[in-house]
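See structure below.
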2 protein chains.
Amino acid sequence: MSDVAPPVAALIEEFSKLPGIGVKTAQRLTFFILRSPTDQARRLSDAIIRVKESIVYCSRCFNITETDPCPICSNSSREQDVICVVEEPLDVLALEKTGVYKGLYHVLHGALSPMNGIGPKDIRIEELLKRLENETIREVILATNPGFEGDYTASTIKRDIQNELNLPELKITTLARGLPLGSDLEYADEGTLSRALEGRREL
Amino acid sequence: MSDVAPPVAALIEEFSKLPGIGVKTAQRLTFFILRSPTDQARRLSDAIIRVKESIVYCSRCFNITETDPCPICSNSSREQDVICVVEEPLDVLALEKTGVYKGLYHVLHGALSPMNGIGPKDIRIEELLKRLENETIREVILATNPGFEGDYTASTIKRDIQNELNLPELKITTLARGLPLGSDLEYADEGTLSRALEGRREL
C-alpha cells in the first residue's frame with residue numbers, strides 16, 4: 001500500500017480489521033466509499049458511532065438494547081417463567097423471527113471454549129444462575145449452537161444449575177436436533193442423521 | 001429486523017449497501033462493531049469521513065490523491081512520454097506493485113458498457129485525448145481489463161485517437177494476453193489459450 005494516499009491506506013486497514021474481510025475486499029470497499037456520495041459515506045460513519053453510543057446491554061437478559069431493561073424483558077405480555085439461553089444477540093433475532101417463542105431470553109455472549117481460553121467467567125453464566133435463583137422460572141431452554149462448544153456450554157450450565165441451585169421443579173430443555181427443513185437426507189452428515197433417528201416421532 | 005434496536009438496524013442497513021455485503025454479513029459486521037472497543041469503531045468511522053474529505057482526483061491523470069497533481073504525475077524522474085490507461089485506481093496500485101512500469105497513468109474510472117448505459121462521456125476518454133494532444137507522448141498503453149468491456153473500451157480509444165488526433169508517431173499498445181503464471185494449461189479457457197498460442201514467442 002506504499003503508493004496509495006495515507007487516508008486511503010488507513011481506510012483499507014480499518015476495513016481489513018473486520019471479520020471475514022481480507023485486504024482485497026477492504027480495497028474494494030474503500031474504493032466504493034470513494035466513489036459513493038459523501039452523504040452515504042457519512043450515514044455509514046455516523047451509524048457506526050451511533051451504535052456504539054446508544055446501545056447498552058440489558059441488565060436482566062444481556063441482550064443489546066437502547067433502553068434498560070430491553071423491550072423484551074419489559075414486555076409484560078411475554079411469558080415471565082421461561083428463559084431461552086442463547087450465545088449471541090443475533091440468535092435472539094433469529095428466534096424472534098419465528099414468532100413461536102413468547103418467553104424471555106438470556107444472552108451469554110459467547111460459548112465455553114477451552115481451546116480458545118474462554119471459561120465460565122468470560123460469558124454470562126453466573127448472571128443466569130442468579131436469575132434462576134431470584135426469578136420464578138419454570139423452564140430454561142438451552143439454545144446454544146449445535147456443535148462441540150455449544151453442547152459443552154449447555155451441559156456445563158445444566159450441571160451448574162443442578163449442583164449450585166436447589167430447583168428440582170425446573171425443566172431444563174434444549175432445541176431439537178435433526179434434519180433441517182428442505183435438506184437432503186442423502187447429504188446429511190452422520191451426526192445429524194443419528195440425532196434425527198434418535199429423536200424420531202410418530203406420524 | 002423489526003425486533004432489533006433502531007441504531008443496530010441502521011448500521012446493518014448501511015453495511016448492506018456496500019458491494020458484496022449481504023444482510024447476514026452486515027449483521028455479523030454490526031455485532032462485531034458492537035463488541036469491539038469504542039476507539040476501534042471510531043477509527044473506522046473517522047477513516048470513512050477522512051477519505052471523503054481529503055481525497056481528490058488528480059487533474060492530470062484522474063488517479064485518487066491527497067495532492068493535485070498526484071505524486072506520480074509530479075515525480076519528474078518518471079518517464080513523461082508514456083501513459084498507461086487503466087480503468088480504476090486499484091489498477092494503478094497493482095501496476096505500481098510490479099515495480100516494472102516507470103511512466104505516467106490515466107485513470108478512466110470505468111469501462112464502456114453499452115449494456116449498462118456507460119458511454120464515452122461517462123469515463124475520462126475526452127481528457128485522455130486532450131492529454132495526448134497537449135503533452136508529448138511516445139506510447140499509450142491501453143491496460144483495460146481483458147474481457148468484453150475492457151477490450152471494447154481499448155478499441156474505441158484507439159479508434160478515437162486515430163480519427164480525432166494527428167499523431168502518426170504515437171505507439172498504441174496493450175498488455176500481453178496469455179496464460180497467467182502458476183496456472184494450469186489443462187484448466188485454461190479457450191480464449192486465453194488461443195491468445196497464448198497467437199502470442200507465442202521463441203524460447
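Proteins come first, then strands; the chains are lettered A, B, ... in the order of their sequence lines, and each starts at number 1. Values reported hereafter were calculated over all heavy atoms of this structure, with side chains retained and with hydrogens, waters and symmetry mates removed.
Heavy atoms only, all atoms of each residue included: A:E14 and B:A47 are closest at CG-CB, 4.1 Å. Listed here is the closest heavy atom pair of A:P7 and B:V51: O-CG2, 3.6 Å.
Taking CG of B:L18 as the start and CD of A:Q40 as the end, the distance is 7.5 Å to the nearest 0.5 Å. In this structure, CD1 in A:I21 is found 10.0 Å from CZ in B:F32, a value given to the nearest 0.5 Å. A distance of 9.0 Å separates OG1 in A:T30 from CD1 in B:I64, rounded to the nearest 0.5 Å. In this structure, A:L34 CG and B:I48 CD1 are separated by 11.0 Å, a value rounded to the nearest 0.5 Å.
Only the side chain of B:S54 has a heavy atom closer than 4.5 Å to any heavy atom of chain A. At a 4.5 Å heavy-atom cutoff, the contact between A:L44 and chain B is made by backbone and side-chain atoms alike. With a 4.5 Å cut-off on non-hydrogen atoms, B:I33 touches chain A through its backbone and its side chain both. At a 4.5 Å heavy-atom cutoff, B:P71 makes no contact with chain A through either its backbone or its side chain.
Put simply, of B:T38, B:I49, B:D46, the one with the most heavy-atom pairs under 4.5 Å next to chain A is B:I49. For the set B:H109, B:E53, B:E13, B:K17, the count of heavy-atom pairs under 4.5 angstrom toward chain A peaks at B:K17.
Surrounding CZ of B:R42 are at most 12 heavy atoms belonging to other residues, nucleotides or ligands under 6.0 Å away.
Looking at B:R28 and A:E88, no side-chain N of the basic residue comes within less than 4.0 Å of a carboxylate O on the acidic one, giving no salt bridge.
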May I have the list of side-chain donor-acceptor pairs in residues 186-195 of chain B shorter than 3.5 Å, sequence neighbours left out?
from: B:D189; atom 1: OD1; to: B:T192; atom 2: OG1; distance (Å): 2.6
from: B:D189; atom 1: OD2; to: B:G191; atom 2: N; distance (Å): 3.2
from: B:D189; atom 1: OD2; to: B:T192; atom 2: N; distance (Å): 3.2
from: B:D189; atom 1: OD2; to: B:T192; atom 2: OG1; distance (Å): 3.4
from: B:S194; atom 1: OG; to: B:E190; atom 2: O; distance (Å): 2.5

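For the pair B:K52 (side chain) and A:S36 (backbone), a donor-acceptor distance under 3.5 Å is present.
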